[in-house]
2 protein chains.
Amino acid sequence: MNSEFIIAVHSLVLLAHRPEGTASSEEIATNVCTHPARIRKVLGCLRKEGFVATREGSGGGYTLIKEPEEVTLADVYRAMAAGSLAPSWCSGNPEMECMVGSNMQDVMNSVFCGADQQLEQYFSQITIGSMLAQIRERQNA
Amino acid sequence: MNSEFIIAVHSLVLLAHRPEGTASSEEIATNVCTHPARIRKVLGCLRKEGFVATREGSGGGYTLIKEPEEVTLADVYRAMAAGSLAPSWCSGNPEMECMVGSNMQDVMNSVFCGADQQLEQYFSQITIGSMLAQIRERQNA
DNA sequence: CTAACTGTAATTGATAATATTACAGTAACG
DNA sequence: CGTTACTGTAATATTATCAATTACAGTTAG
């Protein structure tokens, strides 16, 4: 799994937790434990996909512009990491003579496409809001 | 996803395709397109898990000792790559003060545990035998 | 005894992931 | 205005991970 997916989810949960839904890249970076430049890159992507609004300049930052309960992890997954299940490494080779070796890439690919869909379906049941709720439960326990 | 999972699946399908269910690490490596030493490592693991038998010495090699239709990708996944969905990279830090940052690792972890189970369930519907059948279909088409 | 194997570990090389730095562009605020 | 505090983006370094390769001890058939 793409670690940018994790950063995106964490950032969205943090924004949802903020009363105004707003934070700067530095605040988010501190919370996520990474570099502000990386946050800016990931949240720039989330902006293009319509999850957050950004304001440049002094006092600027990132604002969540969707209801936390309506943003599913599947939405985030599609935006950040779709198809990332299959490893870059590939077995077999379509050019070879052996029936198994020459067809394996295609068959393996279809297996991973199905897995990706399965994963997306699972993620569609989890929202940014429900993750925040889980965190609050843990805190109270 | 772990690429050893792919190597394991490919190797098992190849063995299933062989009349005697047998091949040497070099034959498998050629078919998979990797190095024999890597095959030996992966299939050594499959031996420990009871999928194949190995014979050392001259004329030795690897033999499939299960029915291809009864070996599911979930079995292989558990043996080779269980829990490999979650990235090594971790966001947040349990030591920090912020509720979100300090609990994110745990919550994220539970999300990925669920995803892993989901994936395993999907893989349990696919067998080495069914993959070989798919390959044969493609070949005929 | 030799040839053909597996088992395993160490080393190297390649690639990808992450952190860091740098700086241009933008907006608030005095 | 000019200064300060931000984002956007790219380039560069640094690490970490993955895969190939090499090496060699142990095993078995003939």
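Proteins get letters first, then strands, A, B, ... in listed order; numbering begins at 1 in each.
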**OP:** Could you go through the side chain to side chain contact (heavy atoms under 4.5 Å, CB included) check for A:Thr22 and A:Tyr62 one step at a time?
**Re:** CA-CA 5 Å; A:Thr22 296; A:Tyr62 300 88; over 6 Å; no

Subject >> Stepwise side chain to side chain contact (heavy atoms under 4.5 Å, CB included) check, B:Tyr122 with A:Leu119 >> reply: CA-CA 9 Å; B:Tyr122 166 74; A:Leu119 202 58; over 6 Å; no

Original post:
salt bridge (charged side-chain N to carboxylate O under 4.0 Å, His left out) between A:Glu49 and A:Arg78: does it pass, once the steps are laid out?
Top reply: CA-CA 10 Å; A:Glu49 302 286 337; A:Arg78 272 188 292 271; over 6 Å; no

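Between B:Arg38 and B:Ser3 the shortest side-chain heavy-atom distance falls below 4.5 Å.
Heavy-atom contacts from other residues, nucleotides or ligands closer than 6.0 Å to CD of B:Glu26 number 12 or fewer. The number of heavy-atom neighbours closer than 6.0 Å to NZ of A:Lys66, taken from other residues, nucleotides and ligands shown, is above 12.
If you find the closest nucleotide of DNA chain C to A:Ser58 and to A:Ile7, the one lying nearer the 5' end belongs to A:Ile7.
Listed by residue number, A:Thr34, A:His35, A:Ala37, A:Arg38, A:Arg40 are the residues of residues 29-47 of chain A with a heavy-atom contact under 4.0 Å to DNA chain C. A heavy atom lying under 4.0 Å from DNA chain C marks the following residues of residues 11-26 of chain B, by number: B:Ser24, B:Ser25. Within residues 77-98 of chain B, the residues having any heavy atom under 4.0 Å from DNA chain C are, by residue number, B:Trp89.
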Residues 80-93 of chain B side chain polar contacts: donor-acceptor under 3.5 Å, at least two apart:
residue	atom	partner	partner atom	Å
B:Ser84	OG	B:Ala81	O	2.8
B:Ser91	OG	A:His10	ND1	2.6
B:Asn93	OD1	B:Glu95	N	2.9

Can you give each donor-acceptor pair under 3.5 Å made by side-chain atoms of residues 130-141 of chain B, sequence neighbours left out, with the distance rounded to 0.1 Å?
residue	atom	partner	partner atom	Å
B:Ser130	OG	B:Thr127	N	3.0
B:Ser130	OG	B:Thr127	O	2.9
B:Gln139	OE1	A:Asn103	ND2	2.9
B:Asn140	ND2	B:Arg136	O	3.3

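In this structure, B:Arg55 places its CZ atom 11 Å from C1' of C:dA4, rounding to the nearest Å.
The hydrophobic clustering, which links ILVMFWY residues whose side-chain heavy atoms are closer than 4.5 Å, places B:Met104 and B:Met99 together.
Between A:Phe112 and B:Phe123, the two ring planes are perpendicular [angle over 60°; tilted spans 30° to 60°].
Rounded to the nearest 0.5 Å, atoms CG (A:Leu12) and CD1 (A:Ile7) are 12.0 Å apart.
If you walk DNA chain D from 5' to 3' and mark each nucleotide with an atom closer than 4.0 Å to a heavy atom of chain B, the marks span D:dA19 to D:dA29.
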